[in-house]
Amino acid sequence: MLSEVLLVSAPGKVILHGEHAVVHGKVALAVALNLRTFLRLQPHSNGKVDLSLPNIGIKWAWDVARLQLLDTSFLEQGDATTPTPELVEKLKEVAGLPDDCAVTESLAVLAFLYLYLSICRKQRALPSLDIVVWSELPHGAGLGSSAAYSVCLAAALLTVCEEIPNPLKDGDRVNRWTKEDLELINNWAFQGERVIHGNPSGVDNAVSTWGGALRYQQGKISSLKRPPALQILLTNTKVPRNTRTLVAGVRNRLLKFPEIVAPLLTSIDAISLECERVLGEMGEAPAPEQYLVLEELIDMNQHHLNALGVGHASLDQLCQVTRARGLHSKLTGAGGGGCGITLLKPGLEQPEVEATKQALTSCGFDCWETSIGAPGVSIHSATSLDSRVQQALDGL
C-alpha cells in the first residue's frame, strides 16, 4: 500500500443541450464543469479511518480493527458489486449512523464505506486513512457533485491500495491515469453513485472521470474528440425544483399535444447534433462565426425548453439580464429554477464580465466565472500545487 499523501480532483457537469429530450430517446451533450471537488488522502497508523466533508458538516471516524472483524461477505471481493437495497441496509449497520442523520450526510457516508470496504478488502489489513473532501460545487444543484465525490473516492482508494498506479512522475504538477485505469475508476464511481441515487444514468460519473464533453443517447455514452474549453458564467438561481415533477410535466404535455411537442423534442435533438458538429470543428482554433452559431443554438434551445413548460421566472430574469449585455443564456438540467449557463465569447473585456456577474448577484443569484470542457479526474503534486488547489486545501 502507498504511504504518501494523495491529492485528487474531479469536475462537476452541466448539460449543454438535450435536457428533457434525452428522456425521450434524443441526444444530450454533457460537459465537464471546471468547478471541482478535491480530495486529500493521508495514510496514517492510528488505527482509524477518518472521513471529513466540511461542505456538509460531516466528521466521522471508524476503528479499523472493528471494521476488520465485520462479516463483509456481502461484498464480492475484487469486483464492483452492484449495491442492492439489502447491501445498503447492511452498510447502515456498519456505519453506526444515528437515526436523525440527514439523508445527504447518510448517503455520503454510506457511499464512502461501500467504496472503502469493497476496494480495500484485498489488502492484508484495512488501511488507516484520513480523508478530507471539499468541493467548489454547490450541493443539490444538478451539477454532478455526488458523482465528483464518488470519482475522487474511487480514484484515491484504488491508487492508495495499488490497484492502479499513481500516474504522477517526478516534477509533475498534475497528471491523469491511463484509459484502462480511468475505466476502472469510472466503474467503481458508478457503484458509489448507485448507493447515493439508486438508479443513476452513469452520465455524471462518466463526465467527471473522462472530462471534456460526452454524448448520451438511450444509455450509450461516447466522448467527443478534442472539444474546446468554453468560458461561461454559471448561475444558480437558488430556486428549488423537483426533477421528477418536471419530467412528468413534459411527458404529460407530449401526451396532450403530441403533434406540437414531438417536433419540439426532434428540434432539440437537432440542436444537440448541430452543437456536436460545431464543437468538433472548433478544435484547437475556434473561429468567431462558430461562437455565433453556439449562441443561436443556446437561444433556440431555451425557447424550446420554455415551450416544454420547464422554464421559470428566475431563468427568464437570468436570460434578460445577460441579453441586455449582448450575452446568451439557457437553463441547464431539469429547469424550473436551478441553474443556467451563459456563453462568454473570447475577447470579452473583464469589466463587462464582472458587471454581468454583479447584475446577476443583485438578483439574488449565485454566479461563477468558469469553463466547460474541463479535464476529468486528476492527481496533483503535494509539493508543487497551483493556486487553485492550494486554495482548496486552505479551505479544508
Side-chain angles (χ1 to χ4, degrees), residues 10-22 25-36 142-144 147 176 179 182 186 201-235 265-305 319 322 326-333 339-348 368-378:
K13 77 94 178 55
V14 294
I15 302 297
L16 189 54
H17 292 292
E19 5 338 56
H20 290 284
V22 71
K26 310 301 184 185
V27 170
L29 298 180
V31 289
L33 175 69
N34 207 23
L35 295 178
R36 302 181 77 86
L143 300 174
R176 304 194 63 223
K179 180 181 177 183
L182 288 171
N186 189 48
S201 68
V203 171
D204 287 12
N205 52 277
V207 172
S208 193
T209 299
W210 298 103
L214 300 182
R215 169 195 171 121
Y216 178 80
Q217 185 177 26
Q218 294 181 327
K220 295 180 181 178
I221 301 172
S222 58
S223 294
L224 275 63
K225 292 183 180 178
R226 298 185 303 278
L230 302 174
Q231 295 300 120
I232 64 161
L233 293 181
L234 173 73
T235 302
L265 297 173
T266 300
S267 182
I268 291 174
D269 189 53
I271 288 170
S272 296
L273 294 173
E274 178 65 9
C275 183
E276 181 181 11
R277 184 191 69 79
V278 173
L279 292 177
E281 288 182 352
M282 291 175 81
E284 296 293 323
E289 57 268 23
Q290 291 167 325
Y291 278 91
L292 294 176
V293 174
L294 293 181
E295 289 178 337
E296 285 189 88
L297 296 176
I298 284 171
D299 290 343
M300 288 189 287
N301 200 356
Q302 179 60 21
H303 287 303
H304 285 1
L305 290 163
C319 292
T322 56
L327 302 173
H328 301 256
S329 305
K330 68 175 284 290
L331 67 84
T332 180
C339 293
I341 54 174
T342 304
L343 182 63
L344 301 177
K345 288 190 295 189
L348 190 64
W368 298 265
E369 182 181 356
T370 183
S371 63
I372 52 179
V377 63
S378 305

Taking C-beta and beyond as the side chain, do [X] and [Y] meet within less than 4.5 Å on heavy atoms?
X: Val22; Y: Ile15; answer: no
X: Leu16; Y: Asn301; answer: no
X: Arg36; Y: Thr370; answer: no
X: Ile341; Y: Lys330; answer: yes
X: Leu292; Y: Pro288; answer: no
X: Lys26; Y: Ser272; answer: no
X: Leu294; Y: Cys275; answer: yes

How close do [X] and [Y] get, counting heavy atoms only, and between which atoms?
X: Gln290; Y: Ala287; result: OE1-N, 2.7 Å
X: Tyr291; Y: Met282; result: CE1-CE, 3.6 Å
X: Gly144; Y: Asp204; result: CA-OD2, 3.7 Å
X: Leu343; Y: Ile232; result: CA-CG2, 4.4 Å
X: Ala213; Y: Pro227; result: N-CG, 3.7 Å
X: Pro11; Y: Ala32; result: CG-CB, 3.9 Å

So does Gly211 get a backbone contact from the side chain of Lys13, meaning a donor-acceptor N/O pair under 3.5 Å?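 No, the answer is negative, given that no donor and acceptor are paired below the 3.5 Å cut-off.
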To the nearest 0.5 Å, what is the distance between [atom1] on [X] and [atom2] on [Y]?
X: Leu234; Y: Glu369; atom1: CG; atom2: CD; result: 11.5 Å
X: Leu33; Y: Ser371; atom1: CG; atom2: OG; result: 7.5 Å
X: Asp269; Y: His304; atom1: CG; atom2: NE2; result: 11.0 Å
X: Gln302; Y: His17; atom1: CD; atom2: NE2; result: 11.0 Å
X: Glu274; Y: Ile271; atom1: CD; atom2: CD1; result: 9.5 Å
X: Gln231; Y: Leu348; atom1: CD; atom2: CG; result: 10.5 Å

Start with the C-alpha distance between Leu143 and Cys339, add both sets of side-chain angles, then the distance that settles side chain to side chain contact (heavy atoms under 4.5 Å, CB included), and finish with yes or no. CA-CA 9 Å; Leu143 300 174; Cys339 293; 4.1 Å; yes
Verify side chain to side chain contact (heavy atoms under 4.5 Å, CB included) between Val31 and Val207, making sure each step is shown before the conclusion. CA-CA 7 Å; Val31 289; Val207 172; 5.9 Å; no
Decide side chain to side chain contact (heavy atoms under 4.5 Å, CB included) for Arg215 and Leu29; before the verdict, give the C-alpha distance in whole Å, the side-chain angles of both, and the deciding distance to 0.1 Å. CA-CA 5 Å; Arg215 169 195 171 121; Leu29 298 180; 4.2 Å; yes
